[in-house]
Protein chains: 2
Amino acid sequence: MGVKCRNCPIRKLPLFDPMTSDEVEFMEHFKVGELSISPGAPILSEGGNTPQIYTALSGMGLRYKLLEDGRRQVISLVLPGDFIGLQAGVMNQMTHSVEATTSMRLCVFDRSELWNLFRTQPERAFDLTWLAANEERFLGEALAALGQRDAYELLAWALARIWRKLEALQMTNGDTTSLPYRQQDLADAMGLSLVHTNKTLAKLRAARLAIWADGKLTVPDIEELEEAGLCRDTPLGSRPLI
Amino acid sequence: MGVKCRNCPIRKLPLFDPMTSDEVEFMEHFKVGELSISPGAPILSEGGNTPQIYTALSGMGLRYKLLEDGRRQVISLVLPGDFIGLQAGVMNQMTHSVEATTSMRLCVFDRSELWNLFRTQPERAFDLTWLAANEERFLGEALAALGQRDAYELLAWALARIWRKLEALQMTNGDTTSLPYRQQDLADAMGLSLVHTNKTLAKLRAARLAIWADGKLTVPDIEELEEAGLCRDTPLGSRPLI
DNA sequence: TTCTCCGCATTAAACTACGACATAGCTGGA
DNA sequence: TCCAGCTATGTCGTAGTTTAATGCGGAGAA
């Protein structure tokens, strides 16, 4: 898996920014070990304790939250370079669950050490805090910002976004990429029913905008796809200066 | 307006926490003046520059964002104690607009001074950053967290939440409170059409859960109202420790 | 190998919530 | 008195949900 992030990347918002070498080095300082996770296994559970935080070195997963009525809200995908467990609360309690959808390798940090950041590197501390606050954000949220769209545009937007993300991580191969998520995952992320998601994906497929099959995503023409989703990203991810 | 916050309150997340006296004193240091705003007047505009930030001392307003298609997304209410303009970006550019819906009194701070926080008071800096990141959040966002519900539960939840907020600020009077927002504002906040919002409010009124009329909100039985909205707040607002 | 089970994708039919449009009443201000 | 802004209510079309049934490939057991 030809991922750029070697060991302990901080990926700033917007999530596509690569990490500078001294940032990598800086994070090395906090590293306490590595961890392997098998596909389908939970990494962190809502309400659980996390004295440590992780970054994904390889593999994919997703953040989600179980709702009272039994539905599941997917918050975001977990890709190599992402933090996991950063935003756990006062008692280190997680506010959502994280699960691997492929086998994953994780890099482990000691959470308490991170407080040093605030003393030694205020600007980086700002980045981290901001990242933590935003980690909780929903994929669908930014969509709300853009105004409610119908399922067609919603999914076009989501696929285009995922594609761009993977592209930035050099995880695409020509116009195809491997993407171990089920249609149910996508549906949960967008707040649509599985059935309707399926039908809408069929429409996208018929329009030859995005072919989602067999755990693979093929995007013949990304620009066209982005246009179909009116892909105007909100400045939500833009980095503020307080 | 019997608000607790005297001059320059930092209200931590969750937003109901009162400010300690030394925090008040601390913020006094940054204060550079006061400002009066008349009802309906804009305070900050999206894209505009803000060399300063404000806190609301009295009055109410709302944060919103204009969408490309002309609709308006209300982000959140501005109540006494809230920060305004905290999260403006790199060039001090606002990412959304803020408008007063009553006459307001604002306390003015110098933005650049705030960077000192990161050097002198790391923990408070954390609070501030967190607050800034969350200021952008949409009201409807937390709703998405609970899972999309129908308009009825959506509005029940929103009204209950507003009520609790005002209650904490001691801005309620028995089971009635003054609330200078239009139905259009509520609709924009919840992402519903004005017409449907109106009809749904009628249903809530018929059920004697919430009476919204003449700029006043009456809540005969808050517990019942909360239940109607399945009002289980997400821990979204809970303060994390990284 | 073949049978069976199970998770996932697919498609169809009935139902529902919401938006669009239309119309009317109510109030305060010029 | 008229007009503008807000509230209120009815009808109708449609996007999306729900339910249910079918198909299909992979894993495990005989």
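FYI, side chains are in, hydrogens and waters are out, and symmetry mates aren't considered; it's all heavy atoms of this structure. Lettering of chains follows the sequences in order, A, B, ..., and the numbering in each one begins at 1.
With hydrogens and angles left out, the side-chain atoms of B:Thr176 and B:Thr218 include a donor and acceptor closer than 3.5 Å. B:Ser103 and B:Ser38 share no donor-acceptor pair across their side chains, judged by distance under 3.5 Å alone.
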Protein heavy-atom contacts under 4.0 Å, written 5' to 3' over nucleotides 6-14 of chain C as B (base), S (sugar-phosphate only) or - (none), form the string --SSBBBB-
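Annotation: B:Asn173, atom CG; neighbour count of heavy atoms from other residues, nucleotides and ligands within 6.0 Å does not exceed 12.
Judged by distance alone, with hydrogens and angles left aside, the side-chain atoms of A:Ser58 form no donor-acceptor pair with the main-chain N or O of A:Met104 at under 3.5 Å. A:Thr102 places no side-chain N or O within 3.5 Å of a backbone atom of A:Gly61 that could act as its donor or acceptor partner.
Taking the 5' to 3' direction, DNA chain D first and last meets chain A under 4.0 angstrom from a heavy atom at D:dG16 to D:dT19.
Contacts classified as side-chain hydrogen bond (donor to acceptor under 3.5 Å, both in side chains) and involving residues 193-216 of chain A (residues at least two apart or in different chains) are given here: A:Gln183-A:Asn198.
Look at CZ on B:Arg71: it is 15 Å from P on C:dC18, rounded to the nearest Å.
For the side chain to side chain contact (heavy atoms under 4.5 Å, CB included) test with A:Ile43, the passing option among A:Thr50, A:Val78, A:Val98 is A:Val98; the others fail.
A salt bridge is defined here as a Lys NZ or Arg NE, NH1 or NH2 lying under 4.0 Å from an Asp or Glu carboxylate O, and A:Arg63 with A:Glu99 fails to meet this definition.
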